[in-house]
Amino acid sequence: MSIAKTYLPKETEEKWYSYWLKHDFFKSVPDEREPYTIVIPPPNVTGVLHMGHMLNNTIQDVLVRRARMKGKNACWVPGTDHASIATEAKVVAMLKERGISKADLTRPEFLAYAWEWKEKYGGIILEQLKKLGASCDWDRTKFTMDEDLSEAVIDTFIHLHKKGLIYRGIRMVNWDPQSKTAVSDEEVIRKEVNQKLYYIRYAVKSESREDGKTESTDAATDLQTSELPDYLTIATTRPETIMADAAICINPNDERYVHLHGKSVYIPLIHRTIPVILDEYVTMDFGTGCLKVTPAHDLNDYELGQKHKLPVIDILNDDGTLNDKAQILIGVDRFAARKKIAVLLEEAGALEKVEDYKSQIGFSERTDAVIEPKLSMQWFCKMGEMAKPALDYVLNGEIKLIPDKFINTYRHWMENVRDWNISRQLWWGQQIPAWYLPNGEFVIAKNAEEALVEAKLKNPAFTAQDLTQDPDVVDTWFSSWLWPISVFGGFKDPDNADINYYYPTNDLVTAPEILFFWVARMIMAGHEFRGEVPFKNVYLTGIVRDKLGRKMSKQLGNSPDPLDLIAQYGADGVRVGMLLCSPAGNDLMFDESYCKQGSGFANKIWNAFKLVKGWEVDDTLANPNSIAIDWFASRFDQALGQIEDNFAQYRLSEALMDTYKLVWDDFCAWYLEMIKPVYQHPIDRATYTATIQFFENILKVLHPFMPFLTEELWHDELFGERAEKECCIVAQLPVIGEINARLLSEVETVKEVIGAVRNTRQTKHIADKEPLELLVKTNSGINYLQYQAIIARLGNISRFSEVTDKVEGAISFLASTDEFYIPFKEEINPVAERARLEKEKEYLLGFLKSVNAKLSNERFMSNAKPEIIEIEQRKKADAEAKLQIIQKALDDLAD
RNA sequence: GGGAGUUUAGCUCAGCUGGUUCAGAGCAUCUGCCUUACAAGCAGAGGGUCACUGGUUCGAACCCAGUAACUCCCACCA
């Protein structure tokens, strides 16, 4: 049987993923083992896999697989989020393509289409995750609109309403005229936009002039012909809202406008009279110092209007067109109206000037439409009371944020939390369980029947026909905040075996941008509904950016297709690639070359396997490699400790790098080269057995990072017969053994010797093939003869022996404090040799000087810790010893 | 405007309580090797004013103050 020259991921991945599924390795049911639980941040059903998902799910899979291999009962619950706004938008678009308008459909008809869409496309992203190797318990797959999850949403709504935490109120909301729904503050993205600042003149009503002189109000309609043009000028970016003005506000301290106190002005074009009001809110040196107050279309104006009891005139329809209250341009879209009104104002002589102006504008995260501040009746959830315990969990460390720099951000947000607008003007989602009565009251109930019962308590005469359910649905986050509880059925049956076993979950892996609207709210829900935290650790991943630091997005087209990457580099290669550049909590500058490095690593392992696989064993041979075996055993355990430590601190990319170097450098470049038999020669049994054991342990350590390759190799006959269910995925990680520190350190010196020999070959142009002689004069006490075989093999040394005196006519170097000589026929250039030695001497003298400076410094000696002083003294002795050797060499050279 | 973070080699990042020859790793680069596992390889080498300025300390990449650049969050003047 011939082995492929390189690792071929494709068949391997398909084969083992279905094998794992077939044997239920991802499946978890409560048992006596310690649980390890992760609930997936449910991707939108509309979603397709992007690089952010790749990173996020790679990390989760690494954590889950590692937990499984540490003997825990690992459970990773997958699922999707119904994403009301995004999905409804997709469904509306799909219907439009089919020539159907949402407006022509009844709610049940629309929902039927939506479900049809969900069934067809909703599972795509989960299928894509399988390509990555995600070891989710697919039998537990949940959807935020599953019957039981929806029921939990309704029940919690009722519960919170009863507690007085949910209320209905008029609020200025962020209105998305495109999706015709309110969106939360967090879903509004502010961008700087080039705009125009329009300076508009409002004629002052003359009859209230203090001189008593009266003027026809008509005069104000035409400023150009007015004899005494008496007007004020306001600056606005939104001239189309002047018809909604309720007042003009000036600062009472503004001396320029004292004459306007108590006056009224005419709104241009429609000639409605509005008062001039005084409030210090107005900044005198901004614009003209006169502010138009438009309570219906600006949050601050609304508050100002409340304060001054101004009427609210809403001139916009839900779709952003002007309504009849505007009196003019009725039915025209707000942006078209802006242009038209500028022309009209110009014609009326009311437009003083137009300036370019930059300002921040809110855009809907989901539809990218310009957000319209709009007054509307909405449902709210009070946050203050719930935020307190949720903040405490994080501050007292019951929930750890990784990295912890996010604690400050979290606290800042929780201390300034605002009530949560939970209603959305959509159909896709859980409909708000509120029924309105003809008298304007409402009842909250689980369903229509119970609502009627409630209604009859108010008035027995009410019938089912009198009840109208609120058409809105709850915010998507109002279902996903329950996710860690609801996926385990913790609402329907709060004492069931699953929730008792798996909850609280262990780690949550998510993006920092949803720390507030998802993570914080899950913590609130956890406290409110179960009295405990929903998870213990929150690992916050970075944003995946391209090399130029731009966020990867569809719009920019700078995001590679993850499935293409997997096809090209293999899932293992991509997983390694993602982790190589992903420090926790920091953004990662992703570049495809990391995946290349990942697949190169897979190939390296594959080739190491090929080498070992090709060996023939001869049982009659003695074991010449016991030192190498002992060394690697210690080195492996040492690395295992570092890896464990890095995992404990969630430094996944560090843990991967430790593993990478262990495999590539220690195992392949050093160990295998030490023990590799000469071509076509057999190997002894002891070395062979030890090597296979090492390899097997390496596969285990690698498995969480590279599940497919490791599983593939694991089943090779090289590693012996395995029962069908004995898979790498469920193997137990090796336990750290005793580490021989002396051996590790001596081998480091031996490596140094080999490096020096190789370096000598390079600089003296001696071919690698040409064997050399090596002599050592030991000062350190290291018994180099022990390492003779290794040195001979890796340095291509034909004769290695110890000497007691300096060797003449040889190339020399120092390793530790030991002197090494390579007898070499080429005449040594005494000038160059002297220069080399002088350079080294100079360096050592400088070094010694700094050490001595410390040691002769009284304050150092009295302040520094004893172990530090001891180290310094050892450094001194070491340097002095080396100096002596070099000085002697220099002296000899002078002779 | 308020808050947080970042700044270390060409790139991506470590550097944990201030103290080891502490200035590191991987990638990239350069040089030499097509040595029977791997050229997706092997061996070797070069590369840094630790953003800047000052301070504390026996000692600073690390602590403090200030400055600059970049990033994110929050609020927002029409």
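Labels below follow one simple rule: chain letters A, B, ... track the order of the sequence lines, proteins then strands, and each chain is numbered from 1. Since this is a predicted model, take the numbers as computed values, not measurements.
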Please list, for nucleotides 42-46 of chain B, all pairs of protein and nucleotide N/O atoms separated by less than 3.5 Å.
from  : atom 1 : to       : atom 2 : distance (Å)
B:C42 : OP1    : A:Lys604 : NZ     : 2.9
B:C42 : OP1    : A:Trp664 : NE1    : 2.7
B:A43 : O3'    : A:Arg758 : NH1    : 3.4
B:G44 : O3'    : A:Asn759 : ND2    : 3.4
B:A45 : OP1    : A:Asn759 : ND2    : 3.2

Atom pairs, protein N/O to nucleotides 58-60 of chain B N/O, distance under 3.5 Å:
from  : atom 1 : to       : atom 2 : distance (Å)
B:C58 : OP1    : A:Arg859 : NE     : 2.7
B:C58 : OP1    : A:Arg859 : NH2    : 2.2
B:C58 : OP2    : A:Arg859 : NH2    : 3.1
B:C58 : O2'    : A:Asn857 : ND2    : 2.9

When you compare the protein's N or O atoms with those of nucleotides 23-26 of chain B, which come within less than 3.5 Å of each other, and at what distance?
from  : atom 1 : to       : atom 2 : distance (Å)
B:A25 : O2'    : A:Lys661 : NZ     : 2.9
B:G26 : O2'    : A:Gln597 : NE2    : 2.5

With 3.5 Å as the limit, what N/O pairs link the protein to nucleotides 69-73 of chain B?
none

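Closest of all the heavy-atom pairs between A:Val617 and A:Pro682 is C-CB, 4.3 Å.
Comparing the same atom, P, in B:G10 and in B:C73 gives a spacing of 30 Å after rounding to whole Å. Separating the C1' atom of B:G59 from that of B:U17 is a span of 15 Å, rounded to the nearest Å. Rounded to whole Å, the separation between the P atoms of B:A75 and B:C58 comes to 48 Å. B:C77 and B:U71 have their P atoms separated by 23 Å, given to the nearest Å. Rounded to whole Å, the separation between the C1' atoms of B:A23 and B:A14 comes to 12 Å. Between B:A43 and B:A37, the two P atoms lie 14 Å apart (nearest whole Å). For the P atom pair drawn from B:U49 and B:A9, the interatomic distance equals 9 Å after rounding to whole Å. Separation of the P atoms belonging to B:G5 and B:C22 is 30 Å when rounded to the nearest angstrom.
Here B:A37 presents its C1' atom at 11 Å from OH of A:Tyr679, a figure rounded to the nearest Å. One atom, CD of A:Gln195, and another, P of B:C77, lie 12 Å apart when rounded to the nearest Å. Straight-line distance from the CG atom of A:Asn174 to the C1' atom of B:A75: 13 Å, rounded to whole Å. If you take CG of A:Leu656 and C1' of B:C13, they are 13 Å apart, rounded to a whole angstrom. When the C1' atom of B:C11 is taken as reference, atom CG of A:Asp591 falls 9 Å away, rounded to whole Å. The nearest whole Å value for the distance from the CG atom in A:Asn607 to the P atom in B:G41 is 10 Å.
In this structure a side-chain-to-backbone donor-acceptor pair under 3.5 Å is present from A:Arg761 to A:Gly795. Judged purely by atom type and a 3.5 angstrom limit, A:Asp356 has no side-chain atom pairing as donor or acceptor with the backbone of A:Lys196.
For A:Glu352, the side chain to side chain donor-acceptor pair (under 3.5 Å) partners two or more places apart in sequence, or in a different chain, are A:Arg201, A:Thr233. A:Glu644 is linked by a side chain to side chain contact (heavy atoms under 4.5 Å, CB included) to A:Arg66, A:Lys70, counting only residues two or more places apart in sequence or in another chain. Scanning for side chain to side chain donor-acceptor pair (under 3.5 Å) contacts around A:Arg635 gives A:Gln638, A:Asp666, with sequence neighbours left out. For A:Asp245, the salt bridge (Lys or Arg N to Asp or Glu O under 4.0 Å) partners two or more places apart in sequence, or in a different chain, are A:Lys292.
Using a 4.0 Å cutoff on non-hydrogen atoms, the parts of residues 234-249 of chain A near RNA chain B are A:Ala235, A:Thr236, A:Thr237, ordered by number.
Rounding to the nearest 0.5 Å places CG of A:Leu540 at 6.0 Å from CG of A:Leu515. Distance CG/A:Asn174 to CZ/A:Phe363: 13.5 Å, rounded to 0.5 Å. Taken to the nearest 0.5 Å, the OG1 atom of A:Thr294 stands 10.0 Å off from the CG atom of A:Leu304. Summarising the geometry, atom SG belonging to A:Cys290 is positioned 12.5 Å from atom CD1 belonging to A:Ile200; distances are rounded to the nearest 0.5 Å. With rounding to the nearest 0.5 Å, the separation of NE2 in A:His297 from OH in A:Tyr302 is 13.0 Å.
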Can you list, pair by pair, the side-chain donor-acceptor contacts under 3.5 Å of residues 602-609 of chain A, counting residues two or more places apart and other chains?
from     : atom 1 : to       : atom 2 : distance (Å)
A:Asn603 : OD1    : A:Tyr7   : N      : 3.3
A:Trp606 : NE1    : A:Ala4   : O      : 2.8
A:Asn607 : ND2    : A:Asn603 : O      : 2.9

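Within the structure, every side-chain polar atom (N or O) of A:Asn416 is placed at least 4.0 Å from both OP1 and OP2 of B:C74. Dashed line: the shortest gap from a side-chain N or O of A:Arg418 to OP1 or OP2 of B:A75 is under 4.0 Å.
Stem analysis of RNA chain B (at least three stacked-register Watson-Crick or G-U pairs, each with both distances under 3.5 Å) gives B:1-7 with B:68-74, B:10-13 with B:24-27, B:29-33 with B:41-45, B:51-55 with B:63-67.
Proximity of A:Ile361 to A:Gln195: side-chain heavy atoms (C-beta onward) are separated by under 4.5 Å at one or more points. Proximity of A:Leu345 to A:Tyr198: side-chain heavy atoms (C-beta onward) are nowhere separated by under 4.5 Å.
Side-chain atoms of A:Asn646 and A:Asp658 include a donor-acceptor pair closer than 3.5 Å.
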Please report the C-alpha distance between A:Lys769 and A:Asn796 in whole Å, then the side-chain angles of each, then the deciding distance to 0.1 Å, and finally whether the side chain to side chain donor-acceptor pair (under 3.5 Å) criterion is met.
CA-CA 7 Å; A:Lys769 285 176 200 160; A:Asn796 191 15; over 6 Å; no
Could you give me the CA-CA distance, side-chain angles and deciding distance for A:Tyr410 and A:Phe406, then say whether ring-ring contact (aromatic ring centres under 6.0 Å, His included) is met?
CA-CA 6 Å; A:Tyr410 181 82; A:Phe406 286 106; over 10 Å; no
Candidate pair A:Phe860 and A:Glu872, rule side chain to side chain contact (heavy atoms under 4.5 Å, CB included), full reasoning:
CA-CA 11 Å; A:Phe860 172 77; A:Glu872 292 298 320; 3.8 Å; yes
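Contacts of A:Lys596 with the nucleic acid, taken as non-hydrogen atoms under 4.0 Å apart, are absent. At the heavy-atom level, A:Ile766 lies nowhere under 4.0 Å from the strands shown. Nucleic acid contact class of A:Asp301 (heavy atoms, under 4.0 Å, all strands): none.
Taking only side-chain atoms of A:Ala608, from C-beta outward, the nucleotide of B:A40, B:A39, B:A37 with the closest atom is B:A37. Of the candidates B:C77, B:A78, B:A37, B:A78 carries the atom nearest the A:Val282 side chain, counting heavy atoms from C-beta on.
Counting only residues at least two apart or in different chains, salt bridge (Lys or Arg N to Asp or Glu O under 4.0 Å) contacts with residues 569-581 of chain A comprise A:Asp61-A:Arg575.
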